[in-house]
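To start, the structure under review is shown below, and the notes come after it.
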Amino acid sequence: MTLTRHEGVLCHCCDCAVAVAVPVSAPTGRKLAALQSRRRLRQQLLLALVALFLFGFNTAATEGEDEDGPYRGKYLGKLNSYHHQVSGDVYAVNEYTFLIVGFNYDGNGADTFFWSGASNRPGPQGFIVPDEYGKTNILDRYHNKDFTLTLPDRKKMTEIKWLAVYDLNNQNNFGDVYIPEEFEPPRTQVGGTFSKRNHNVSSSTIEILDSKTIRIKDFTYDGRGKRTFFWTGVGAQPSSRGSKIPDERGYLDPIRTYNKETIVLELPGDKTIFDIDWISIYDVADNENYGHVLIPDGLNVPPSLVKITPYEFSLPNCRQLHKDLQVSWEVFGPQITFQLSGQVAKTDYMSFGISGSDTASQMIGADVVVAYIDDIRGYTVDYNITSLAPCVQVLGQNKGVCRDDVVGGLDSFQLNTYARKDGINTISFRRTLKSSDDGDKEIFLDRSNYVVWAFGQLDSNNEPAFHTYYPKSDIIIDFNTTEPVNDCFSFTKRAETPVQIWERARITDATVRTFNAYLGPSGGLRGYQGITGHVSSGLAWYINGYMIPELYLKRGLTYTFKVRGGNNPHSPEHYHPLVITDDPQGGYDRLSDAKQSEIRVLAGVEFTRRGRPKPTAAGPLCLSRYPDHYDRRLDDNFPTFKKFNRSLINICSDEPPALLEITPNITWPDTVYYNSFTHGNMGWKIHIVDSYTKLRNAGHSLVTAWLTTLTALLMVLAL
């Protein structure tokens, strides 16, 4: 018997389908079995492809989220929602911490907590997981909130089987997510060591702490490269086609000398460890790799929880000056428009300008803008720098960091816009390229310009105090480029850790009646600034070898200060007569007549017939200074003042000191302050007491109370 099968054949000439009869022989039994086997195989392959597609789709819908957005850790899944609108995505940050993204809960449970345990499914046997604030309160309403949860008592994710939103009163599970078996949470990964190629570059094994953070132990580099940076990029080997990594303090300058130091680097902007193949110590001047380490693929590391804020600028050119500061600009005719953006505190200023030298970046002689925002508006103030000191009068002339309008110049900057958003100040302003003010530096378009920058805290008069951050190398910018230039990246901010200040010194010895007062550096955030909470001028009073100790003086006794703070009134930096007043700030000579009238002067100042103040305790200069070529930005690396003090060099005049004798009496307040006559924020407290016995008894009572509390605690523990 002959079968006929019709197949549709497309007729191209007339767009019609023509049925063509094709004779086909009937298959034999063996052929039929083979045909059926092939059909089953095709069906199985089709099912496998469908399953693979669905698996790939599900994977893309879960883990693939990280490819489109920031890396959040290892994805555990969506919260299974049973009641009260519980929902959200759950990630493992590390072996102790969950990240919950887009969490929702209506808050209507009676006794509801985050709950976890090791049983097969959520039930009454488990433990409370503290909320995002570390508290074990009943859960309130949540709406699309992102936060982390940390398991209590150092419990690990590998020791539990689930995380739930659970009502203890009704023993009702509102939503949960399960921990897969043999789950490996993200953790710090160990990498290789820096290859030893040149300039003594070496290290121990690096540690990749999270997706943005690398710790390098025992790092060494001799600092003799030309323009050498921490450098990163992609490819098999380091090359010039890379980009800078800010150093451990956020600077983008050529790196300093390191000698077996442990440093922590953070990848800039939104860059993560998954975007790079290597980290190098690279000299861009000679295109030479001094040593590098390769970054392995597929690292199971915790996500970085730093806050990333994209930079916003409306001008075509942008230069990243520091991890937390950038400048952008545009030239239009005879004018140039600038925008400064900085991740700074509310009371901070940003400064940028043309160097005082045509061959280097130099603060002395520089013409800069000081930009800041107060509670009402923004400001851009023109400053001229003649000395690294606050603006003071020297023989009738203002010297130091002075406003242009104070030294007879003009304020050449015109404020355009200002805003503070997400902790970032953004201020735009403009000026002419060549100002009519002789004190202003010209901005050249036919050649590169050396520039300076800084940012730090404002003092109580909204004047710039000693800058916290500033460059130590030359910064060169060509403001007239044919093509826009932009090396800026997003701002990043970690949770701030409190600075461990140096020990507070107190001189309470009743037999000490003489105090040797001289000058020394203020010691960064751990020193003067941390101890007093005031901004620093860069120098501080050292008394009997201690930085700004608190003094305890008894009423009716006479004390002598041997003052060596500088007696040359021509020096704006090193002329510091000692004064004692009831004002904690100091700098009496800089204050207005109205401000001076509010302050009680107790010693160190006499008044002329015209009522002008005149210091009486201006002694020769004795200065504890830094060694040559020392970088004072490293002050906070010293764990104690004692170690910091040992690193300084004492340079003292042979002249006898000025003597300031005081006898506190009953009219003196209980707390007064020693300070500089010319500069603010250099001294600290003097406690005036009626009896040293009371002081000793108070100290004894404090120790007794502490021992009593400790004994009671030990007894409770023994029970």
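Because the structure is a prediction, the values reported are computed rather than measured.
Aromatic rings of W453 and Y470 (six-membered ring for Trp) have centroids beyond the 6.0 Å cut-off, not under it. Aromatic pair Y383/Y349: centroids not less than 6.0 angstrom apart. Taking the six-membered ring for Trp, F455 and H322 have ring centres closer than 6.0 Å.
Inspection of the N681 and S536 side chains reveals no N or O donor paired with an N or O acceptor under 3.5 Å. For the 3.5 Å distance criterion, the side chains of D583 and T581 fail to qualify, holding no donor opposite an acceptor. There is no side-chain donor-acceptor pair under 3.5 Å between S357 and S355.
Using cut-offs of 30° and 60° for the angle between ring planes, the H687 and Y552 rings count as parallel. The aromatic rings of H679 and H576 lie perpendicular to each other, with more than 60° between the two planes, well past the 30° mark. Classified by interplanar angle (parallel below 30°, tilted 30° to 60°, perpendicular above 60°), the ring pair F644/Y626 is perpendicular. Ring planes of Y588 and F607: perpendicular class, angle over 60° (limits at 30 and 60°).
The cationic atom of R633 (NZ for Lys, CZ for Arg) lies less than 6.0 Å from the six-membered ring centre of Y251 and within 45° of the ring axis. With a 6.0 Å cutoff to the six-membered ring centre and a 45° limit on the axis angle, R319 does not count as a cation-pi contact of F352.
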Determine, stepwise, if the pair R555 / N665 fulfils side-chain hydrogen bond (donor to acceptor under 3.5 Å, both in side chains).
-> CA-CA 5 Å; R555 289 185 172 89; N665 57 40; over 6 Å; no

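C488 approaches Q326 most closely through the heavy-atom pair CB-NE2, 3.6 Å.
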